[in-house]
Amino acid sequence: MQSLSDLLKHEKKRIAFVPTMGFLHKGHLSLMKEGLRHADYLVLSIFVNPAQFGPGEDLESYPRNFKKDADLVEKEGVNVIFAPDAKDIYPEHFQTYITLNDLPHHLCGISRPNHFRGVATIVTKLFNIVKPHTAIFGQKDFQQLAVIKQMVSDLNLDIEIIGAPIIREDDGLAMSSRNVYLSVDERQSALSLFKALNNSQKLLKSGETDASKIINEAVKLINSYKKTLIDYIAVCDPETLTDIKKIEKPVLMALAVKIGKTRLIDNMILN
Ligand code: PAF
C-alpha cells in the first residue's frame with residue numbers, strides 16, 4: 001500500500017481515503033462519493049480494529065462480510081480496498097499508542113475509556129500506510145471526527161480532514177453497521193434517538209434555553225420506548241465537547257443509548 005501510494009504521488013495523483021470497519025451501508029457510500037469530489041484516486045480500508053473495542057464489547061460479533069462489501073463498492077469508484085490482518089497491524093510487542101488529553105474524556109469516552117486511544121492509533125497507522133491527501137469521516141461519530149481533527153492539527157499531519165453529514169434511513173434512524181443487530185421491536189425503539197434530537201431542536205426553537213430541561217425531556221422521551229437504556233445525553237460545545245448549561249449559540253446534542261444489547265449513537269447541532 002505504501003509503495004502504491006508513493007507511485008501515485010509520483011504521478012501527481014490526489015489520494016482520498018475512507019477508513020471503515022466494513023459491513024458497508026449508504027452512509028459509507030456517501031463518504032466515498034465525498035472522497036471522489038476531492039481526489040482522483042480513492043482508497044477504502046476495511047479493518048475491524050481490536051484496539052478500539054473494550055472488554056465485553058462486540059469485537060467478536062461485529063458484522064463482517066468482505067465479499068458483499070467488495071461487490072458493493074465496485075461501482076462506487078473505489079480504486080483499492082486495503083484490508084490488512086490484525087496480526088500485521090498489531091504484531092507481537094506492539095507498544096505505541098496515541099492518546100489525547102481532553103476530547104476523549106467526554107461523551108462516549110466516559111463509558112468507553114480506551115476507545116479513542118484505539119481510534120487515534122489505528123487512524124494514524126492507516127494514514128502512514130495509505131499516505132492520503134484527504135480523508136473523510138462521518139459526522140455521526142462526531143467525537144471521533146473531533147479527536148481526529150485535533151490529532152491531525154497537533155501532530156502537523158499533512159492531511160485534509162473532511163466531515164460528511166449523517167445519512168439516515170427514511171424514518172430517521174442514523175445508518176450504522178450495528179443496526180443489523182436490532183430485532184423488529186428494537187428497530188422501533190431505536191427511532192427514539194432521532195425523535196429526542198428533533199424534539200430538543202423544537203424546544204430550543206420555542207425558546208427553552210436551559211440545557212438540563214431539554215435533556216430531561218429527551219430522557220423522558222427515550223425512556224418511554226421499550227428496551228432502551230441511556231448511556232448519556234449531553235448538550236455541549238461542538239469544539240471542546242464540554243457541557244453547556246444555557247444555550248446561547250449553536251450546541252452539539254449527542255447521545256448514546258443501548259437498545260437491548262446494541263449501543264447506538266446519534267447527534268445534532270441545535271441552533
Ligand atoms: O468509524 C469507524 O468505522 C472507525 O472508528 C475507524 C475510523 C475506521 C477506525 O477504526
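Numbering of ligands and ligand atoms starts at 1, following listing order.
At the shortest separation from atom 5 (O) of ligand 1 among protein heavy atoms lies Gln144 OE1, 2.7 Å. Of the protein's heavy atoms, Gln52 OE1, 2.6 Å lies nearest to atom 10 (O) of ligand 1.
Of all atoms in ligand 1, listed by their number and element, those nearer than 4.0 Å to a heavy atom of Ile122 are 9 (C), 10 (O). Which parts of ligand 1 touch Thr20 is read off a 4.0 Å heavy-atom cut-off, strictly below it: atoms 8 (C). The atoms of ligand 1 that sit less than 4.0 Å from any heavy atom of Pro19 are 8 (C).
Look at Asp266 and Arg168 and you find a salt bridge, because one of the NZ, NE, NH1 or NH2 atoms lies within 4.0 Å of a carboxylate O, short of that distance. Under 4.0 Å is where a charged nitrogen must lie from a carboxylate oxygen, and between Arg14 and Glu160 at least one such pair does. Ion pairing between Asp58 and Lys261 fails under the 4.0 Å rule for side-chain N and carboxylate O.
At under 3.5 Å, not a single nitrogen or oxygen of Asn49, backbone or side chain, sits near a nitrogen or oxygen of ligand 1.
Under the 6.0 Å distance and 45° angle rule, Lys125 does not count as a cation-pi partner of Phe47.
For the salt bridge (charged side-chain N to carboxylate O under 4.0 Å, His left out) with Glu186, the lone residue among Lys226, Lys227, Lys258, Arg178 that qualifies is Lys227.
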